[in-house]
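Written below as structure tokens is the structure these notes are about.
Quick note on labels: first sequence line is chain A, next is B, and so on, each numbered from 1.
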2 protein chains.
Amino acid sequence: MKAGMTIGEAARASGVNAKLIRYYESIGLIPEAGRTASGYRVYSPTDVNVLRFVKRARTLGFGIERIQKLVGLWQDRSRCSSEVKRIATQHIDELDAKIAELQAMRDTLHELAEACHGDERPECPILKDLES
Amino acid sequence: MKAGMTIGEAARASGVNAKLIRYYESIGLIPEAGRTASGYRVYSPTDVNVLRFVKRARTLGFGIERIQKLVGLWQDRSRCSSEVKRIATQHIDELDAKIAELQAMRDTLHELAEACHGDERPECPILKDLES
DNA sequence: CCTTGACCTTCCAATCGCTGGAAGCCCCAT
DNA sequence: ATGGGGCTTCCAGCGATTGGAAGGTCAAGG
């Protein structure tokens, strides 16, 4: 990982698509990259680390706004871990809520599908449920 | 539920927002409503039943495209329940996949949060994970 | 008859996190 | 100088809504 990378090189080094890097810059998630004389963006290994951090956080389902806060805390050596934990806990709660919602859908649908013969006849508990 | 309802009445009767009813019409999920001389949309009790069907299907997480198919099957008296079940099963599989994805996020994050002291000190396993 | 206010109409924009394409410039090798 | 790859910007779309602006319509009350 050399010092003055193009966006394509930074993309390969970080695992974040070049297009996505530009997008992250445009919304202010990452700072504006430096430029060469001809206008090409230039990235340092530090920039790549930030991109990796963002990518990992996205993998864990964090939204952009929270990732912004997490990056800020990450770079703040005097941070309190309680602040990080608070953000993570909020996200866990939201994940739990979403999981519960999807699970409820799944369970209802599974019951209906179990009760459905699934043959050439028109009788269908699934449609019966939907029309109620 | 009287015969010639305005969009607002149909919204109240079906539980589907007037704005959303117009949107559903615009994307072709529901047929174009009839109109009064002055251009107001007119809805019948049958239309309201379709809206209720759509609403219930959305509650179960079906996407618009699949709901379109389900409405078609619902109104087709010579349908095979196997076709309905196939659509439902596909949706269940997708729900399972999504739930597994979210659950994996949740579990990882929960472990990290458990390991985080959450006090005024800067050490934080959550950030440590994200930067790796 | 006129005003008020609730309702209706259309159209356009924003949400979230990307992803794709078009048009044009830059850089390097042949 | 020519080709091809990479870079630049801008614009548009995904899915399923939701919001607002600007204007027409309807029924009731003064």
* Asked: Is B/T36 touching bases, backbone alone, or none of the nucleic acid, heavy atoms closer than 4.0 Å?
  -> nothing
* Asked: Just wondering, do B/M5 and B/V48 contact through their side chains at under 4.5 Å, heavy atoms?
  -> yes
* Asked: Over how many whole Å does the gap from A/I7 atom CD1 to D/dG6 atom P extend?
  -> 13 Å
Measure all distances between protein nitrogen or oxygen atoms and nitrogen or oxygen atoms of nucleotides 18-22 of chain C, and list the pairs falling under 3.5 Å.
| from | atom 1 | to | atom 2 | distance (Å) |
| --- | --- | --- | --- | --- |
| C/dC18 | OP2 | A/Y24 | OH | 2.9 |
| C/dC18 | OP2 | A/R58 | NE | 2.5 |
| C/dG20 | N7 | A/K19 | NZ | 3.3 |
| C/dG21 | N7 | A/K19 | NZ | 3.1 |
| C/dG21 | O6 | A/K19 | NZ | 2.6 |

* Pairwise side-chain contact, B/D47 with B/I30, heavy-atom cut-off 4.5 Å (strictly under) -> no
* Asked: To the nearest Å, how far apart are A/E25 CD and D/dC10 P?
  -> 12 Å
* Structure fact -> Judged by nearest nucleotide, the residue sitting upstream toward the 5' end of DNA chain C, A/S38 or B/G8, is B/G8
* Start with the C-alpha distance between A/S132 and A/D129, add both sets of side-chain angles, then the distance that settles side chain to side chain donor-acceptor pair (under 3.5 Å), and finish with yes or no. => CA-CA 5 Å; A/S132 71; A/D129 177 280; 5.0 Å; no
* To do: Establish, with yes or no, whether the OP1 or OP2 oxygen of D/dC11 is under 4.0 angstrom from a side-chain nitrogen or oxygen of A/R22.
  => no
* Between C1' of C/dG17 and CD1 of A/I67, the distance in whole Å -> 10 Å
* Rounded distance in Å - OH (B/Y40) to P (D/dG24) -> 12 Å
* Taking only residues at least two apart or on different chains, which pairs with a member in residues 14-28 of chain A satisfy side-chain hydrogen bond (donor to acceptor under 3.5 Å, both in side chains)? -> A/E25-A/R41
* To do: Look at A/T6 and D/dC7 and indicate whether a side-chain polar atom (N or O) is within less than 4.0 Å of OP1 or OP2.
  => yes
* **B/K98 side chain near A/I99 side chain, heavy-atom distance below 4.5 Å** => no
* To do: Quickly work out the A/E9 CD to D/dG5 C1' distance and round it to whole Å.
  => 13 Å
* **Length of the CZ-P vector between A/F62 and C/dG17, whole Å** => 13 Å
* Asked: Checking all strands, does B/R41 fall into the base, sugar-phosphate, or nothing category for heavy-atom contacts under 4.0 angstrom?
  -> sugar-phosphate
* **Pairs where residues 41-62 of chain A contributes a residue and the test ring pair (Phe, Tyr, Trp, His ring centres under 6.0 Å) is met, not counting sequence neighbours** => A/F53-A/W74, A/F62-A/H91
* Taking atom P of D/dG6 as reference, at what distance in whole Å does atom OH of A/Y43 sit? -> 16 Å
* May I ask you to verify if any side-chain N or O of A/R35 is less than 4.0 angstrom from the OP1 or OP2 atom of D/dT9? => yes
* Asked: Is A/I27 touching bases, backbone alone, or none of the nucleic acid, heavy atoms closer than 4.0 Å?
  -> nothing
* **Nearest-Å distance for atom pair CD1/C1', residues B/I21 and C/dC8** => 13 Å
* Asked: Do the charged groups of A/R66 and A/E94 touch, with an N to O distance under 4.0 Å?
  -> yes
